[in-house]
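Let me begin by presenting the structure, written as structure tokens, before commenting on it.
Letters A, B, ... mirror the listed sequences (proteins, then strands); counts begin at 1. Just so it is clear, the structure is predicted and the values come from calculations on it, not from any experiment.
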Amino acid sequence: MSTATINISNIAYLIAWVAYVATSVCAATFAGTRKDRWQRWALVLAIVGLSAHLVALGCIVAGLGRAPWGSLYEFISSMAAVLMIVTIILVLPNRNLAGIGSVLAGSAFALMGVGLIMYARPSELQPALQSNWLTFHVFLAITGSTLLLTGGIVSALYLHRKQWDSARRTDTEPTLDLTNPTGTEDGPARSITDHVDHTLPQGTTIVAERTTVKAASAFASMGVTSTAEPFTWAEVIKRNRWLYVGMGLVALCLTLVTGNLIVTLPLLAVVAATDIVLGRVSHRLPTTDKLDDLARRIITFAFPIWTLAIFAGAIWGEQAWSRYWGWDPKETTSFIVWGIFAAYLHARSTKDWKGTKAAILASVGSGAIIFNMFFVNLVISGLHSYAGV
Amino acid sequence: MTTTAPPRKRSDSKASPADAREPSTAESEFGKLPPSPMKAMARLGGWRILRSMRTAIWLLLALVIATTIPTLIPQRITNAAKVAEISQTHPGWYQVADRLRLFDVFNSPWYVAIYGSLLFVLLCCLIPRSANFVRNWRRAVARPKPGPLPALSHTSSFQTDTEPQLVEPQLRKGLRRAGFRCGRSNENQQWIAEKGWTREAGSLIFHWSFFVLMAGLFVTRAFGFTGFAVIVEGKTWVEAPIGIDEYNPGWYGDNTHQGFQIALDKFEAKFRPEGGAMDFVSHVRVIDNGKEIAKDIRVNDPLSYRGIKMYQTSFGWATRIVVADPTGQTVFDDFITLAPKGPRNSWTGVVKVPGLRPQGALEVFFLPTAELISDKEARAYNDELGPGVRLQARPGPPTANSPAIVFKEYRGDLGLDGVAQNVSVLDKSRLGNPVDAGGAGLAGRSFQTTDGLSVTFPELRHYSVFQVKHDPGLVVMLIAASLIMLGLVPSLWVSRRRLWVWVRPAESGSGSTVTLGGLAYQKKDAFEREFNTLTKKMNRRLGTGTEQHPTLPEQVTLHNK
């Protein structure tokens, strides 16, 4: 692969990286202002970024004649591309969801940042890795895990929104007061719908919801401001304190077991910081049912892909390592991820598990994917390790 | 909707048939036989717990949590060396953890108990659910009781000039083409159509497949075998238990050996200039009843012959060593396979000569790239080799540039009597200290030991190690995996829809009115559009007679079930 091709690939990667952070900023501005032009800008920037990103990956494909996942850097780059494709298709064009494009594009940006740290000059694969089954397996693994990761992120957003809903609704809900709605399109509609759910026979929901959303947005356009306050920083931290304590414990355990701080600690710190920021803006997030539906759509699409990725890996393992399943650390973690999302899918159709508990499962599942990507590759040695990254 | 209730989902366990049964009154209970265990369990709520999705989710999560342990604690099956290291460095912890089977989680009783319970709960859910599916197959589209349209989430109706008798077959054909399964109509020309049965069917197939998977595992463990074959270049190996190292037969014996022969013609190891491995190939011939098949076994390309698979696993050096007694008679002449030893690129092996009196043995060290070194260095490094050895292995590429052997000679009792012995392990307990040590270059002069033996090293070859496997469960596993995918996709991506169809003579006199009612079980948001498209399609199909382009059907949305 010529140096020129590598340079083009690297520059395109950086362009995409910058475009994604710009996308994230625009989407966040849109969530704050609800002005359409920011949504448009977010979409345009995301498409520009993705185009550059595909050029970056395409250079590797063209230059080496192999799929762009020969090193952890390329692997992460491909994952970020999949994440952005989902964002562009499902999230940014939808006015109700575009705001969370900031989180997803931000995640792509963060991933690619990690990719830069792990940068390895694209080179030929060793012959043991040149196999069609392997290409198929890794392609599915990247697509499946990225989609599941996205579903998990959306579920985490759901939890934030739900937390805000339940905290603020207790202040505002007692009466079904349409004359004094709380300005935003999302806030009151949810509470009224919930109220309706309890009082009227089933089947009425659809119409009732439509009416309230219409009414609420009408009030919103009249410039009525929100009375439901966002969480303060202190409130967010206080509400989620056990989560942060738990994450600290996880970090501690992983450090004790492996004696390696470098991967775990910064990662969990970033996740916790993001979580606190999200808590602060949770009132700007799409309604819980929108987020729930988005997460469901992504995860139900991704789960069979992930399953097939595991099977394809098993078939390849049978050829290369003489066994289809050997509880290699990567295999084990893949099974864990599979199990968590299987539990999510079952939880969704179980009465007292749907909603919060299901969303917690999906969020934990996305944590497991991150663990699978970084921890298993970098800290635990196994057959899937990228030697020397 | 009086005809059918929507089939029960696994989740609403409260509606399971066992629970729905009304408990009889206490008085009548006395005069009766004790209830069957199943009924008793149902009364206690055990059946309900077993069949509830909650239990299944908790067990699945327990399985997931149990599976996280092996990602943090090294396992014997994947990293035996690390486990051995822990047993040395932390004997106390090792004892405790080993008692808890933490180094062998996947075969531990508690892990088996978790997934066993999960499978049992799954079975308890699947049996009634499958029975339900079969029972509901006809019932779902059974002839509805004549009457007005039941309240459904979506309804539409349109007029057509065609007579009702002609409308019905047309409409049925159209619905079938749209993927609906139509039931028989009642006297009012009302019938039920349904679509998306593959969702439930897929879900059932998916869940049942895990039992197929377990069956595959069982077949592998019961009737398969694993082991290793070590073949020296130029030699022939016979596929039989005796030739397989670390032989691990299935629970129910093995009469699957084929007795064919594998001749290893040549082994090639190619390395990159910088030292990394590039390719390992064993050129073999399969010899079976006079038939010969040539095959190159590579890392990614195993040999598969008559149900036996052979994988290229590793390779090493085999030295031919000839030992002659003081009278000049050859007492040993064979290749010995050597195992890698230490970081210095040296290998060891054993020559046992039971024919000598007293019995003799050589502990052989092979140095692929040997060099002469000074006496001092030799003493430091070759302490274990003995005095007078002036060769050392040079770290370097794993190619043999200046091969040589050094050896220690033992005389005494090999301890061969009766007990089966590993050919490459020397039992030194009755041999005493080495009587001499020496060395020989490849195809060089023979070395004369102090007690008159002459040792020569005429030839060096590679040996190749293959994992040998027979896995009759593999096919079963592949079927299970296919079934899992086959079931999983529709169970997640297909949504179930029910239609209630009514064709009646138009009130205006000629022609007919068609009314469709629709109900979506999943993806309810998308159904409105689907339903409208379907109505339009049916309308276009039947035509309106006078109008070429049907107007949008009038749509009524009902809000009460």
Worksheet, complete the sentence: Heavy atoms of B/Val489 and A/Pro304 approach each other most closely as CG2-CB, 4.1 Å
Fill in: Beyond-backbone contact of A/Phe335 with B/Leu63, side-chain heavy atoms, under 4.5 angstrom
yes
Fill in: Contacts of type ring-ring contact (aromatic ring centres under 6.0 Å, His included), residue A/Phe303, not counting sequence neighbours
A/Trp338
Fill in: N/O donor-acceptor pair under 3.5 Å between B/Trp493 side chain and A/Thr300 backbone
yes
Worksheet item: So what's closer than 4.5 Å to chain B heavy atoms on A/Phe301: side chain, backbone, both or neither?
Response: both
Worksheet item: Under 4.5 Å between any side-chain heavy atoms of B/Leu217 and A/Trp325, yes or no?
Response: no
Discussion item. For A/Tyr324 and B/Thr220: C-alpha separation, side-chain torsions, deciding distance, then whether side chain to side chain contact (heavy atoms under 4.5 Å, CB included) applies.
Written reply: CA-CA 12 Å; A/Tyr324 46 82; B/Thr220 300; 3.9 Å; yes
Practice prompt. Using a cut-off of under 4.5 Å on heavy-atom pairs, state which of B/Leu60, B/Ile57, B/Ile73, B/Asp471 scores highest against chain A.
Written response: B/Ile57
Worksheet item: If you measure from CG on A/Asp293 to NZ on B/Lys523, what distance do you get to the nearest 0.5 Å?
Response: 10.0 Å
Worksheet item: With a 4.5 Å limit on heavy-atom distance, are the side chains of A/Trp327 and B/Val105 in contact?
Response: no
Worksheet entry | Validation row: A/Leu361, B/Leu61 side chains within 4.5 angstrom (heavy atoms) | yes
Discussion item. Please identify, among A/Ala343, A/Gly326, A/Ala368, the residue contributing the most non-hydrogen atom pairs under 4.5 Å to chain B.
Written reply: A/Ala343
Discussion item. I need the residue from B/Ile65, B/Thr68, B/Asp525 with the largest number of non-hydrogen atom pairs under 4.5 Å to chain A.
Written reply: B/Thr68
Discussion item. Tell me whether the count of non-hydrogen atoms from other residues, nucleotides or ligands lying under 6.0 Å of NZ in A/Lys357 goes above 12.
Written reply: yes
Worksheet item: Just wondering, do A/Ser322 and B/Lys309 contact through their side chains at under 4.5 Å, heavy atoms?
Response: no
Worksheet item: Which bit of B/Thr67 comes within less than 4.5 Å of chain A, counting heavy atoms only: side chain, backbone, both or neither?
Response: both
Fill in: B/Leu478 portion near chain A, given a 4.5 angstrom heavy-atom threshold
side chain
Response to the item:
Given the options A/Gln319, A/Glu318, A/Arg323, B/Tyr311 meets side chain to side chain contact (heavy atoms under 4.5 Å, CB included) only with A/Glu318
Worksheet item: For B/Gln467, is it the side chain, the backbone, both or neither that has a heavy atom under 4.5 Å from a heavy atom of chain A?
Response: side chain
Item to complete: Go through the atoms of A/Trp353 and report whether side chain, backbone, both or neither lie under 4.5 Å from a heavy atom of chain B.
Response: side chain
Discussion item. Which atoms of B/Met310 are under 4.5 Å from chain A, going by heavy atoms: the side chain, the backbone, both sets, or neither?
Written reply: neither
Worksheet item: Roughly how far, to the nearest 0.5 Å, is the OG1 atom of A/Thr307 from the CD1 atom of B/Ile484?
Response: 8.0 Å
Fill in: Separation between OG1 of A/Thr332 and CG of B/Leu72, rounded to the nearest 0.5 Å
10.5 Å
Discussion item. At a 4.5 Å cut-off on heavy atoms, which part of A/Arg296 comes close to chain B: side chain, backbone, both, or neither?
Written reply: side chain
Item to complete: Side chain from CB out, backbone as N, CA, C, O: work out which of these in A/Ile315 comes under 4.5 Å of a heavy atom of chain B, or both, or neither.
Response: side chain
Worksheet entry | Minimal non-hydrogen separation, A/Pro329 against B/Thr71, with atom names | O-CG2, 4.3 Å
Practice prompt. Go through the structure and list residues passing salt bridge (charged side-chain N to carboxylate O under 4.0 Å, His left out) with B/Asp104, not counting sequence neighbours.
Written response: B/Arg101
